[in-house]
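Residue numbers begin at 1 in each chain, while the letters A, B, ... track the order of the sequences.
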There are 2 protein chains.
Amino acid sequence: MDTTPKTLHKAIISSIRKSLLELGSATKAELSEKLDISFPTISKFLSQMEKGGEIFSVGLDESSGGRRAKRYAYNPEYMLGLAVFLEKTETNYTIFNCVGEVKEQGETPSVLVDGGVNLLTKFIEEIVAETPSKICSIAIGVPGSVDNGKIFYVPGYEDFHDLDLEGYYEDYFSIPVVVENDINAAVLGFSHHNRMKDNQSLIYMYFGQNGPGAGLMINGDVVRGKTFFAGEVSFVPQYKEQNFGQALENRSSTKEGSVEYQIDSISRFVATCTAIINPHTVIFSNDEIETEMLSKVAIESSKYIPAEHLPELTVSEWKQDYLYGLQRLCLDLMIMNDGV
Amino acid sequence: MDTTPKTLHKAIISSIRKSLLELGSATKAELSEKLDISFPTISKFLSQMEKGGEIFSVGLDESSGGRRAKRYAYNPEYMLGLAVFLEKTETNYTIFNCVGEVKEQGETPSVLVDGGVNLLTKFIEEIVAETPSKICSIAIGVPGSVDNGKIFYVPGYEDFHDLDLEGYYEDYFSIPVVVENDINAAVLGFSHHNRMKDNQSLIYMYFGQNGPGAGLMINGDVVRGKTFFAGEVSFVPQYKEQNFGQALENRSSTKEGSVEYQIDSISRFVATCTAIINPHTVIFSNDEIETEMLSKVAIESSKYIPAEHLPELTVSEWKQDYLYGLQRLCLDLMIMNDGV
DNA sequence: ATAACTTATTAAAGATCTTTAATAAGTTAG
DNA sequence: CTAACTTATTAAAGATCTTTAATAAGTTAT
């Protein structure tokens, strides 16, 4: 519980940061009311944060009949975050500020394929060293299973198995670090970027070389499951002798593999998810499916489930959502940061 | 944020209650350490709670080399809870104390069928009036869709549609009230009674007159979904021309409807859930399925999904889990209670 | 039996938030 | 132009938690 001076101080700072970043700007009275913290306390903390350059005054409000209130905003450059994307073909990075503006980005050959953790470390070290402003948190996305920051399985890359990358880099860089599965980061990114209400359920579809997969957010939380198998939807039995993966694969190797067949498969999957989880939205990557096909999926799935219960089907840009997700994870670390 | 004297006081009291009920008993030092609250503050609050009869001393610990510490426990009779089960055939109630011991129970004809809210109100009034000790919270279970305490749909009983039963009874009785769907309460009850770790995923199956249904808990939270359709698993397409409900119904009207056919249906459903959510446990009611059949389901579902990812299949007593669930909901209200 | 030591608990001082009162900076009406 | 009023902000007093110091109640060794 936040009753000791240190933990109370940290909690107050974090809640002020969170509010200013969410609202864009606020007055003392607004913060006091929103956070249920007394006026002199808010005043004291804002004064300290302004003195340290973390926030700044953006002017006076219009008068509402009395004295005009002073309005404050968070300094977006006060902290920078680094997102690193480990992919099979390359390793990317993006540096961004507190409001998500990209300051710099680049890439290097894939550390998964060649170079391993040592090369990744060197790569991050160079980025951190060459960045003029201070990088305050790091988020790393990986195409594999992650549990509390520990990678334990990346299909095909044994060097990264059973690796507490998060703990290792927090020790190494003395910077808060978070490691997350790429699809889970994308679901998180889509949810936050589209300002979805709390506690919503989403399914983010992808159709990879190994068959379909999905990232799940249920009641606002990413779902991993008992053995981190959640989202391995290729295995869903759909027909008497075919599961989802087999049904989609079939479409490319036989005459039967028409678009209609594919639509039915996907529709059945949407219906299955509706009956079990009842998600708000199902997202497809816009380079994997066309909106025309989505319309057909919507129509087809209403044959299995009453239409009013079906999720909204939408397309989005997976890469961008992935970046938004890693940014969100970084920002959560920055808000909690007390090392500055 | 808990910074005002009133909210801080309430938060400290609630955390002490929660800890004593979870631990069974504790010393001042143990509470101070567990809750990260200073020793004199713990001491002050325990003194007040002891004076008010809410806790009592259970003696001195064995010496560990110095002065022997005093040990405290929560008074289980300090608050009682009332659970009311609205069913199609009858309405039941149970009165219990803080540790779940049943003090009294009984039943009346079903208020869903006859009498409506007025009869339910009268029924609860009589129970509250006739209970010697004070009832501090009420939980009501309903066989229908519930959103934040508001019933909006009970199949077949329109009197109860769009009814904020929770709000209405909190005003009427001035007692904290919670209203929950019966299956969701059972999932909650099973989870807590079996002391499952936080953030686990469970599926509680039932096979009713209207086909199969399920209660879902994912990452420790009950899942309702966009339109409260989550768990309507009857609609899951399983074969080319049959969904889950149809597949199970088929078994009782044709030769094909053998036990093997039923096992395959249920196994496919278990496999489907594993591929999407990867739950820890799937629970069946022990009056609806036999353990021998469950073994067969386990074997059969491993044909669809690698066995290491499959959930544990277990049977449990639905009625008891339902009671445990309503008790849990009541206890959560008691812990937060500041009206005593 | 008692001094030295260990551990539990309370008392006192310090820190920090809230509440109340006072002051500051505006607007409006005469 | 100024008095009266409104709203924002700071100052002072009060409340309550934490930290530090003191006291209490034990055990152990001599």
Side-chain angles (χ1 to χ4, degrees), chain A residues 1-20 23 25-52 54-73 338, chain B residues 1-20 23 25-52 54-73 338:
Chain A
M1 267 192 51
D2 298 326
T3 54
T4 67
K6 193 171 189 294
T7 64
L8 186 55
H9 184 278
K10 184 181 172 191
I12 292 174
I13 291 269
S14 296
S15 64
I16 292 174
R17 279 178 186 149
K18 190 170 150 67
S19 298
L20 286 178
L23 298 167
S25 68
T27 65
K28 283 173 181 171
E30 285 168 357
L31 288 171
S32 175
E33 190 174 328
K34 179 178 163 70
L35 301 179
D36 198 25
I37 295 174
S38 72
F39 208 101
T41 300
I42 290 291
S43 192
K44 187 187 96 171
F45 276 79
L46 289 186
S47 175
Q48 288 170 353
M49 292 169 87
E50 188 173 18
K51 204 166 283 150
E54 184 163 7
I55 66 171
F56 52 81
S57 168
V58 293
L60 300 174
D61 267 12
E62 289 301 309
S63 174
S64 53
R67 184 173 165 175
R68 297 158 80 191
K70 205 177 188 187
R71 180 161 290 275
Y72 296 85
D338 62 347
Chain B
M1 267 190 53
D2 298 325
T3 53
T4 67
K6 192 169 188 299
T7 65
L8 186 55
H9 184 279
K10 186 182 171 191
I12 292 174
I13 291 269
S14 296
S15 64
I16 291 174
R17 280 178 184 148
K18 190 169 150 65
S19 296
L20 286 178
L23 297 169
S25 69
T27 65
K28 283 173 179 169
E30 285 168 358
L31 287 172
S32 174
E33 189 173 331
K34 179 179 163 69
L35 302 178
D36 198 24
I37 295 175
S38 71
F39 207 99
T41 300
I42 291 290
S43 193
K44 187 187 98 172
F45 277 79
L46 289 184
S47 175
Q48 287 171 351
M49 291 169 86
E50 188 172 19
K51 204 166 283 153
E54 185 162 8
I55 64 171
F56 53 82
S57 171
V58 293
L60 298 174
D61 266 12
E62 288 302 309
S63 174
S64 53
R67 183 173 166 173
R68 295 159 79 193
K70 205 177 187 187
R71 181 160 289 275
Y72 296 85
D338 61 349

Whole-Å distance separating the [atom1] atom of [X] from the [atom2] atom of [N]:
| X | N | atom1 | atom2 | answer |
| --- | --- | --- | --- | --- |
| A/Ile13 | C/dT16 | CD1 | P | 13 Å |
| B/Ile12 | D/dT16 | CD1 | P | 11 Å |
| B/Arg67 | C/dC5 | CZ | C1' | 16 Å |
| A/Gln48 | D/dT10 | CD | P | 13 Å |
| A/Leu60 | D/dT7 | CG | C1' | 13 Å |
| B/Phe39 | C/dT7 | CZ | C1' | 10 Å |
| A/Leu31 | C/dC17 | CG | C1' | 17 Å |
| A/Leu46 | D/dA8 | CG | C1' | 14 Å |

OP1 or OP2 of [N] less than 4.0 angstrom from a side-chain nitrogen or oxygen of [X], does that happen here?
| X | N | answer |
| --- | --- | --- |
| B/Lys70 | D/dA25 | no |
| A/Lys28 | D/dT10 | yes |
| A/Lys44 | C/dT16 | no |
| A/Ser43 | D/dT9 | no |

I'd like to know if the side chain of A/Ser19 and the backbone of A/Ser15 have a donor-acceptor N/O pair within less than 3.5 Å.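 Indeed, once roles are kept as given, a pair shorter than 3.5 Å links the two residues.
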B/Lys10 backbone acceptor or donor facing B/Ser14 side chain under 3.5 Å: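 Yes; judged by distance alone, with no hydrogens or angles, the pair exists.
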Kindly indicate whether the side chain of A/Ile13, heavy atoms from C-beta on, has any atom under 4.5 Å from the side chain of A/Phe45.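 A side-chain contact under 4.5 Å exists here.
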Judged by each residue's nearest nucleotide on DNA chain D, which is more toward the 5′ side, B/Ser63 or B/Pro5?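 Nearest nucleotide further toward 5': that of B/Pro5.
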Watson-Crick or G-U wobble partner for C/dT23, using a 3.5 Å limit on both distances?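 Across any shown strand, C/dT23 pairs with D/dA8.
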Paired nucleotide for C/dA13 [Watson-Crick or G-U wobble; both distances under 3.5 Å]: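 The base-pairing partner of C/dA13, which may sit in any strand shown, is D/dT18.
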Could you check whether A/Arg71 and A/Thr27, counting side-chain N and O atoms only, form a donor-acceptor pair closer than 3.5 Å?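 Distance-only check fails for A/Thr27 and A/Arg71.
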So, B/Ser63 and B/Arg68: side-chain donor and acceptor under 3.5 Å apart, yes or no?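 No, B/Arg68 and B/Ser63 have no side-chain donor paired with an acceptor closer than 3.5 Å.
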5' priority, DNA chain C, between A/Ser64 and A/Pro40 [closest heavy atom]: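 The residue whose closest nucleotide sits nearer the 5' end is A/Pro40.
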DNA chain C: 5'-proximal contact among B/Ala69 and A/Leu8 (nearest heavy atom):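 The 5'-side residue here is B/Ala69.
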Mind checking A/Thr3 for me? I need base, sugar-phosphate or nothing, with any heavy atom below 4.0 Å counting as a touch.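 Counting heavy atoms under 4.0 Å across all strands, the contact made by A/Thr3 is with sugar-phosphate only.
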